[in-house]
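For the numbers below, each heavy atom of this structure counts, side chains included, while hydrogens, waters and symmetry mates do not. The sequence lines fix the lettering, A, B, ..., with proteins before strands; numbering per chain opens at 1. Because the structure is predicted, anything quoted here is derived from the model rather than measured.
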Number of protein chains: 2
Amino acid sequence: MTGEERPDSANGRRAQLLKGVAELALLSLLGERPQYGLEILERLRGEAGVELAAGTIYPLLHRLERGKLTRAEWRIEDDGARPRKYYALTDLGREELASQLVEWRRLAKALNAFLDRRRTK
Amino acid sequence: MTGEERPDSANGRRAQLLKGVAELALLSLLGERPQYGLEILERLRGEAGVELAAGTIYPLLHRLERGKLTRAEWRIEDDGARPRKYYALTDLGREELASQLVEWRRLAKALNAFLDRRRTK
DNA sequence: ATATCATATCTTGCTATACAAGATGACAGG
DNA sequence: CCTGTCATCTTGTATAGCAAGATATGATAT
């Protein structure tokens, strides 16, 4: 540690903004159809603007599975690729998604209004 | 620890959603005028929908001060109250606020579009 | 066959930031 | 002087992200 780390290095802050949002984005994505790790990673980055590291997605997937929000199975596709582990939402996962959606919208709306109010003053 | 903590207890998740957002809300609030700890806490809760604990706000304020994003001074108001420590944004703090605003809006916009797309399908 | 490359999953060790609970101190009113 | 309230700050714990690298499989080239 060099001693005076400022809290505003772009990498560090992006990570902080992501907290809590990663799980929601993932649940929403899986709500569409079952998908596997790297596929999830790429779609979150490309479509949701959420850049997770590979070392982040697997622990997250395991946590969701332990909490019974997702269910996993190995599958072999006809594209001749190696087996991949597909994660699917459970019913509990769908409930959780709905509840996180409500909470996210509440926070985003309140915070945006708050920020806008201050900006135009 | 009882052994099987599900990741969806409301308290736990709210905390996660807050991560990264607390600092932005605080910077924005201080952009208006210097304020002290408990005042900040109440306004963030009431106006921004961001519920921080008292044990969260002071370490956060100290971190910002160490990073030279804020400057603090003890002040005595005429309302006969005891001295309070007022925190004010520095120029660096204003830059940081601007940059976090950009990042927040990018993420909120991308994620909202992503979530909406999936919902109507 | 075997070496190598790309894909894919998972683990380890670290850091950042939030929380709960409680310590500390100052002032006001009884 | 004692007690309650306001206000700041500290300590210990948990969560969730990251970087880096280990491991495994199948495809392709030698």
B/I76 CD1 to C/dG25 P, straight-line distance once rounded to whole Å = 18 Å
To the nearest angstrom, how far is B/I57 atom CD1 from D/dC9 atom C1'?
-> 13 Å
For A/R71, all residues meeting side chain to side chain donor-acceptor pair (under 3.5 Å), sequence neighbours excluded = none
For atom CG of B/L44 and atom P of C/dT17, their distance in whole Å = 16 Å
Over how many whole Å does the gap from B/I40 atom CD1 to D/dC6 atom P extend?
-> 17 Å
Does anything in residues 42-92 of chain B pair up under ring-ring contact (aromatic ring centres under 6.0 Å, His included), and if so which pairs, sequence neighbours excluded?
-> B/Y36-B/Y86
Residue pair A/L27, A/L30: steps toward the side chain to side chain contact (heavy atoms under 4.5 Å, CB included) verdict | CA-CA 5 Å; A/L27 289 176; A/L30 290 186; 5.7 Å; no
Indicate yes or no for a side-chain donor-acceptor contact from B/T90 to the backbone of B/L69 under 3.5 Å, with no hydrogens or angles considered.
-> yes
Residue from B/R75, B/K85, B/E39 passing side-chain contact (heavy atoms from CB on, under 4.5 Å) with B/P34 = B/R75
Net bend of the helix from C/dA1-D/dT30 to C/dG30-D/dC1, end axes of five pairs each, nearest 10 degrees | 10°
Are OP1 or OP2 of C/dA18 and a side-chain N or O of B/R63 less than 4.0 angstrom apart?
-> yes
Reading nucleotides 7-13 of chain C 5' to 3', which nucleotides get B (base under 4.0 Å from a protein heavy atom), which S (sugar-phosphate only), which -?
-> BBBBB--
Does any N or O in the side chain of B/Q35 come within less than 3.5 Å of the main-chain N or O of B/L29, such that one atom is a donor and the other an acceptor?
-> yes
Can you name the side chain to side chain donor-acceptor pair (under 3.5 Å) partners of B/E32, sequence neighbours left out?
-> A/R118, B/R43
Between CD of B/E77 and C1' of D/dC6 the distance, given in whole Å, is 15 Å
Sequence neighbours excluded, the answer for side-chain contact (heavy atoms from CB on, under 4.5 Å) partners of A/R45 is A/E42, A/E51
Rounded to whole Å, CD of A/E23 lies from P of D/dG17 at a distance of 8 Å
Side chain to side chain contact (heavy atoms under 4.5 Å, CB included) assessment of A/T70 paired with A/L26 | CA-CA 11 Å; A/T70 62; A/L26 173 50; over 6 Å; no
A/L24 has an atom CG; how far is it from atom C1' of D/dA16, in whole Å?
-> 15 Å
Spacing of B/L60 atom CG relative to C/dA18 atom P, expressed in whole Å = 6 Å
